[in-house]
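A short write-up of the structure that comes next.
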Amino acid sequence: MTAALLEELFERGNRHGDTAIVLGEDGWDCDVHHGRRPSEKLTALTWDDATDFIGSHELDDQATRALLARADYSIRDEQGQPTLPGDDVNWAVITAAVDDDASTTEDIPWQKARWFDLGTTRRVLDQDDEALREERRAFSLWVTRRGQWLLATTSQYDGEPDQWVECTSEHAALLIYRADWSLLADESELPLLARAARAARDLTDLLDFQTPDSESDRERQVAACWGARDVATEYEHATRVIGTLVRTTVQQEIGTSRRNAARTVYVAHDENATRAANALNLSRRTLNDLL
């Protein structure tokens with residue numbers, strides 16, 4: 001937030017009325033919304049609020065200082081620290097989050113927004129241009145150097161700004177699992193989570209079996225199924241056996257790897273459970289259960 005931005009708010013507000021300073025992917029910006037309600041969570045100051053606060057439609061130095069001191073408008077970094085990006089940093093701001101339960105994207109309060117270094121962030125899934133043409137919305141999937149998963153959303157609808165949206169690792173893994181292979185970034189650059197999600201997809205693709213001619217008449221369907229019965233029998237047997245293998249042996253060995261990894265971090269932090277749990281983004285109880 002700067003004095004110049006406040007000057008723009010008053011200049012445009014005095015002309016148009018419906019004006020606000022709103023947080024977007026490029027930081028604070030002055031927006032004339034012409035009756036469209038800007039996101040309350042991302043709005044720092046409206047022209048009406050500002051004029052009511054200073055009791056005037058004219059902005060002088062004293063009023064500028066008072067408005068800038070009204071709140072701490074700084075955006076913190078990924079770690080929640082009050083550091084600003086350097087002049088050589090290509091940064092962007094996270095302004096929304098995925099609600100896993102509702103499978104929706106929700107704006108986050110600007111006080112909880114974070115900036116991140118776009119230059120060190122890796123793209124994992126490309127944008128689906130076909131989805132953008134058909135549904136007028138699309139996203140690409142990225143991961144920051146610190147391991148935060150992000151969606152870069154694009155919309156062709158008025159009132160829906162492009163955003164950087166944070167999501168959980170679980171949500172990211174599901175997106176990677178379901179994505180068409182053509183949307184994957186360079187496989188040599190994929191992080192471990194993405195490679196593992198695609199390995200799981202490779203297994204389900206290998207065992208995928210569809211009932212033949214399911215929409216044809218009954219007589220043709222019976223004939224088609226009779227012709228495919230030997231292959232279907234082989235698939236039923238393989239999926240039954242591999243399903244049991246995954247639920248028992250594979251899941252157990254993955255659990256062993258998880259415990260070994262957690263113990264390594266625990267020892268690295270001189271067996272301090274609090275610091276190790278923070279590093280792993282786990283509760284102490286969960287870490288102790290693993291150990």
Side-chain angles (χ1 to χ4, degrees), residues 41 75-83 91-118 120-125 139-152 163-179 184-185 189-204 245-291:
K41 292 181 178 180
I75 305 302
R76 295 174 179 259
D77 65 17
E78 268 193 272
Q79 297 175 270
Q81 299 301 313
T83 57
W91 56 271
V93 180
I94 303 167
T95 57
V98 173
D99 183 334
D100 285 341
D101 293 332
S103 296
T104 57
T105 297
E106 303 289 341
D107 292 335
I108 58 178
W110 64 261
Q111 296 90 338
K112 296 183 179 180
R114 299 288 182 265
W115 68 266
F116 67 99
D117 186 347
L118 188 55
T120 59
T121 299
R122 289 187 289 174
R123 183 171 56 202
V124 177
L125 292 179
F139 66 87
S140 53
L141 180 66
W142 303 65
V143 62
T144 70
R145 184 171 58 182
R146 298 192 61 82
Q148 174 63 62
W149 289 89
L150 300 172
L151 304 178
Q163 286 184 295
W164 286 97
V165 182
E166 64 182 13
C167 67
T168 62
S169 299
E170 291 79 6
H171 187 79
L174 183 60
L175 293 176
I176 297 165
Y177 173 84
R178 288 178 171 172
L184 283 173
E189 298 294 325
L190 291 179
L192 177 61
L193 180 69
R195 298 199 305 273
R198 291 310 294 187
R201 176 60 183 268
D202 288 342
L203 176 61
T204 55
L245 181 68
V246 169
R247 288 193 302 272
T248 55
T249 305
V250 174
Q251 197 166 24
Q252 181 179 6
E253 292 186 359
I254 290 175
T256 299
S257 293
R258 183 187 181 193
R259 286 192 295 275
N260 290 342
R263 181 170 295 279
T264 299
V265 174
Y266 173 68
V267 173
H269 285 275
D270 200 23
E271 300 188 358
N272 184 304
T274 299
R275 293 203 303 266
N278 288 337
L280 291 167
N281 197 26
L282 299 173
S283 67
R284 281 195 57 173
R285 180 176 179 178
T286 299
L287 176 61
N288 288 333
D289 288 343
L290 281 173
L291 298 176

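- For the atom pair CD1 of Ile176 and OG of Ser169, the computed distance is 9.0 Å after rounding to the nearest 0.5 Å.
- Every side chain to side chain donor-acceptor pair (under 3.5 Å) that Glu106 has, sequence neighbours left out, goes to Thr104.
- The minimum heavy-atom distance between Arg247 and Gln251, with the atom names listed, is O-OE1, 3.0 Å.
- Scanning both residues, Ala273 and Leu287, for their nearest heavy atoms gives O-CD2, 3.5 Å.
- Annotation: side-chain hydrogen bond (donor to acceptor under 3.5 Å, both in side chains) contacts involving residues 191-201, sequence neighbours excluded, comprise Arg201-Asp205.
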Give the C-alpha distance, both sets of side-chain angles, the deciding distance and a yes or no for side chain to side chain contact (heavy atoms under 4.5 Å, CB included) between Phe116 and Leu150. CA-CA 10 Å; Phe116 67 99; Leu150 300 172; 3.6 Å; yes
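- Annotation: side-chain hydrogen bond (donor to acceptor under 3.5 Å, both in side chains) contacts involving residues 272-291, sequence neighbours excluded, comprise Thr274-Arg284, Ser283-Thr286.
- The side-chain hydrogen bond (donor to acceptor under 3.5 Å, both in side chains) analysis of residues 254-265, with sequence neighbours excluded, yields the pairs Thr256-Arg259.
- The two atoms that bring Trp91 and Val93 nearest to each other are CZ3-CG2, 3.5 Å, heavy atoms only.
- Checked against salt bridge (Lys or Arg N to Asp or Glu O under 4.0 Å), Arg123 has the following partners two or more places apart in sequence or in another chain: Asp126.
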Step-by-step side chain to side chain contact (heavy atoms under 4.5 Å, CB included) determination, Ile94 to Trp115: CA-CA 6 Å; Ile94 303 167; Trp115 68 266; over 6 Å; no
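- To the nearest 0.5 Å, atom CG of residue Asp99 and atom OG1 of residue Thr168 are 10.0 Å apart.
- Here the straight-line distance linking atom CD of Glu166 with atom OG1 of Thr105 works out to 11.0 Å at 0.5 Å rounding.
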Begin from the C-alpha positions of Tyr177 and Leu175 and carry the test side chain to side chain contact (heavy atoms under 4.5 Å, CB included) through to its verdict. CA-CA 5 Å; Tyr177 173 84; Leu175 293 176; over 6 Å; no
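- Across all non-hydrogen atoms, the minimal contact from Cys167 to Leu141 is SG-CD1, 4.3 Å.
- With sequence neighbours excluded, the residues satisfying side chain to side chain donor-acceptor pair (under 3.5 Å) with Glu78 are Thr144.
- Pairing each heavy atom of Thr95 with each of Gln163, the nearest pair is OG1-NE2, 3.0 Å.
- Across all their heavy atoms, Ala194 and Val124 have their closest contact at CB-CG1, 4.0 Å.
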Chi angles and distances behind the side chain to side chain contact (heavy atoms under 4.5 Å, CB included) call for Asp77, Asp117: CA-CA 9 Å; Asp77 65 17; Asp117 186 347; over 6 Å; no
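- Contact of the Val165 side chain with the Trp149 side chain is not registered, since no non-hydrogen atoms from C-beta on lie closer than 4.5 Å.
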